[in-house]
Number of protein chains: 2
Amino acid sequence: MAMTRLTPQRAAILEYLDGNTDHPSAEDIYRAVRRRYPMISLATVYNTLDALKQEDAVMELSIDTARKRYDPDTRPHNHLICTTCKRIVDIRVRLPLRLPKSEQSGFKITGKHVEFYGLCPDCQDAQV
Amino acid sequence: MAMTRLTPQRAAILEYLDGNTDHPSAEDIYRAVRRRYPMISLATVYNTLDALKQEDAVMELSIDTARKRYDPDTRPHNHLICTTCKRIVDIRVRLPLRLPKSEQSGFKITGKHVEFYGLCPDCQDAQV
DNA sequence: AATTAGCTAATAATCACTCTAAATTTGGAA
DNA sequence: TTCCAAATTTAGAGTGATTATTAGCTAATT
């Protein structure tokens, strides 16, 4: 499904995603967009996310096993994840990394992603 | 649930996992173990995986958005993933990597994981 | 105006995973 | 040994995220 029409629903979703660094789930997006556009359906959120994925305007993250998370920043970058609250934070520095040919198992490499795990400041405090 | 008893079901699951580098899903494990132990239930597979996770005898991977994958090798190591067939291969070399303090966003870092994406040999062939 | 293709909304369906409760098995105490 | 309580297994119900379906709507096209 190519994104041939920019409907008001899609515009609302795009506006919410633009510059968003929260890595929201589909449900998060649905709840946020519904505030401005109360009649929108969750199915439309999923449809729009599919369309955006196809044109590489959004990236699906497999970080959180409970639900997919979405990132409007599709440039290669890495993430820092709180193992308690599942907050995802962007890492802005480049992490130079090469996989030696001998370790590529015959794969044609197309990308990479580094995940750092830890406790975010809020969850460190709550831990006391 | 600590793994206090080694039941035949658990022994069969452990035997299947031992040395396994396929990164199977719960369903994969269920199907495999059922061949030798036909009356086993899928719930037992999930229960056993929980117990094994607790004692760090197995690691849950969030690589595949469709289903959790399990790795009996709990030593820190990284993975190579086929974006087509979702095959997961171990990377055996160390990839030295440090996140500068300035990029840690106040997190207390506890771990990291590198994922390389690509096309496995089979899927490269199939692509023609 | 009629046609058609794309889109939305509601809702049903699916699928992985978790929970529940009854039955069974186990290991240790008597 | 026999008995008991705790651990475990099982089947099946339940849950929650995601996908599929379908009728109706909208906008551009003929």
Side-chain angles (χ1 to χ4, degrees), chain A residues 1-17 22-55 57-71 81 85-86 88, chain B residues 1-17 22-55 57-71 81 85-86 88:
Chain A
M1 188 222 295
M3 182 101 139
T4 58
R5 284 183 202 168
L6 184 63
T7 62
Q9 292 91 331
R10 290 181 174 185
I13 291 171
L14 281 169
E15 192 192 349
Y16 172 70
L17 286 176
D22 291 346
H23 310 87
S25 66
E27 184 71 31
D28 292 334
I29 297 168
Y30 176 56
R31 276 201 304 271
V33 170
R34 197 152 56 149
R35 285 203 296 270
R36 311 180 126 230
Y37 205 102
M39 69 295 294
I40 200 171
S41 140
L42 182 57
T44 299
V45 174
Y46 278 108
N47 283 342
T48 302
L49 286 170
D50 279 350
L52 292 172
K53 269 187 284 177
Q54 305 251 355
E55 54 187 59
V58 84
M59 191 178 167
E60 197 174 83
L61 302 178
S62 65
I63 291 173
D64 186 343
T65 49
R67 74 205 85 249
K68 290 175 184 164
R69 306 276 290 261
Y70 296 90
D71 192 339
I81 300 112
C85 71
K86 314 303 177 195
I88 302 176
Chain B
M1 188 223 295
M3 183 102 141
T4 58
R5 285 184 198 166
L6 184 64
T7 63
Q9 291 91 332
R10 290 180 174 182
I13 291 170
L14 280 169
E15 191 192 349
Y16 173 69
L17 285 176
D22 291 347
H23 310 86
S25 66
E27 184 70 31
D28 291 335
I29 297 168
Y30 176 55
R31 276 202 302 270
V33 171
R34 197 151 58 147
R35 285 202 295 269
R36 311 181 124 230
Y37 207 99
M39 70 296 293
I40 200 170
S41 138
L42 183 57
T44 298
V45 174
Y46 279 108
N47 285 343
T48 302
L49 287 170
D50 280 349
L52 292 173
K53 270 188 281 178
Q54 305 251 356
E55 52 187 61
V58 83
M59 190 178 169
E60 197 174 85
L61 302 178
S62 64
I63 290 172
D64 186 343
T65 50
R67 73 206 82 251
K68 291 176 184 162
R69 306 276 289 261
Y70 296 89
D71 192 339
I81 302 111
C85 70
K86 314 304 179 195
I88 301 177

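Order of the sequence lines sets the chain letters (A, B, ...), proteins ahead of strands, with each chain counted from 1. Only heavy atoms go into these numbers, but all of them, side chains included; no hydrogens, no water, no symmetry mates.
For Asp50(B) and dT18(C), the CG to P distance is 6 Å, given to the nearest whole Å. Whole-Å rounding puts the Tyr30(B) OH to dT18(C) P distance at 16 Å. Atom CD of Glu55(A) is separated from atom C1' of dG6(C) by 14 Å (rounded to the nearest Å). Counting to the nearest Å, the P atom of dC7(C) and the OH atom of Tyr37(A) are 14 Å from each other. Protein atom CG of Leu6(A) is 14 Å distant from nucleotide atom C1' of dT26(D), rounded to whole Å. When the P atom of dA17(D) is taken as reference, atom OH of Tyr70(A) falls 12 Å away, rounded to whole Å. As rounded to whole Å, 14 Å separates atom C1' of dT25(C) from atom CE of Met39(B). In this structure, Leu49(B) atom CG and dT18(C) atom C1' are separated by 13 Å, rounded to whole Å.
The side chain of Arg67(B) lies closest to dC17(C), out of dG27(C), dT9(D), dC17(C). Counting only heavy atoms from C-beta on, Ser41(A) has its side chain closest to dA10(C) among dA10(C), dT18(D), dT8(D). For Ala26(B), counting side-chain heavy atoms from C-beta on, the closest listed nucleotide (dT9(D), dC17(C), dA9(C)) is dC17(C). If you check dA9(C), dG6(C), dT26(C) against the side chain of Ile40(A), the one that comes closest is dA9(C).
At the phosphate of dT9(D), OP1 or OP2 sits under 4.0 Å from a side-chain N or O atom of Arg10(B). Contact annotation: Thr44(B) side-chain N/O to dT10(D) OP1/OP2 distance is under 4.0 Å. Residue Tyr46(B) has a polar side-chain atom (N or O) positioned under 4.0 Å from OP1 or OP2 of dC17(C).
Leu42(B) comes within contact range of no nucleotide atom at all, as no heavy-atom separation falls under 4.0 Å. The residue Thr7(A) sits close only to the backbone: its heavy atoms come under 4.0 Å of sugar-phosphate atoms, none of a base.
Among all heavy-atom pairs drawn from Val33(A) and Ala12(A), the shortest one is CG1-CB, 3.8 Å. Heavy-atom minimum distance, Thr44(A) versus Ile13(A): O-CD1, 4.2 Å.
Comparing Lys68(B) and Gln9(A), the nucleotide of DNA chain C nearest to each residue sits closer to the 5' end for Gln9(A). Nearest-nucleotide assignment on DNA chain C puts the 5′-proximal partner with Glu27(B), out of Glu27(B) and Pro8(B).
For the pair Leu17(A)/Pro24(A), a side-chain contact is recorded, criterion being any heavy-atom separation below 4.5 Å from C-beta on. Taking 4.5 Å as the limit, some side-chain heavy atom of Leu6(A) sits within range of a side-chain heavy atom of Leu14(A).
With hydrogens and angles ignored, the 3.5 Å screen pairs a side-chain donor or acceptor of Ser62(A) with a backbone N or O of Ser62(B).
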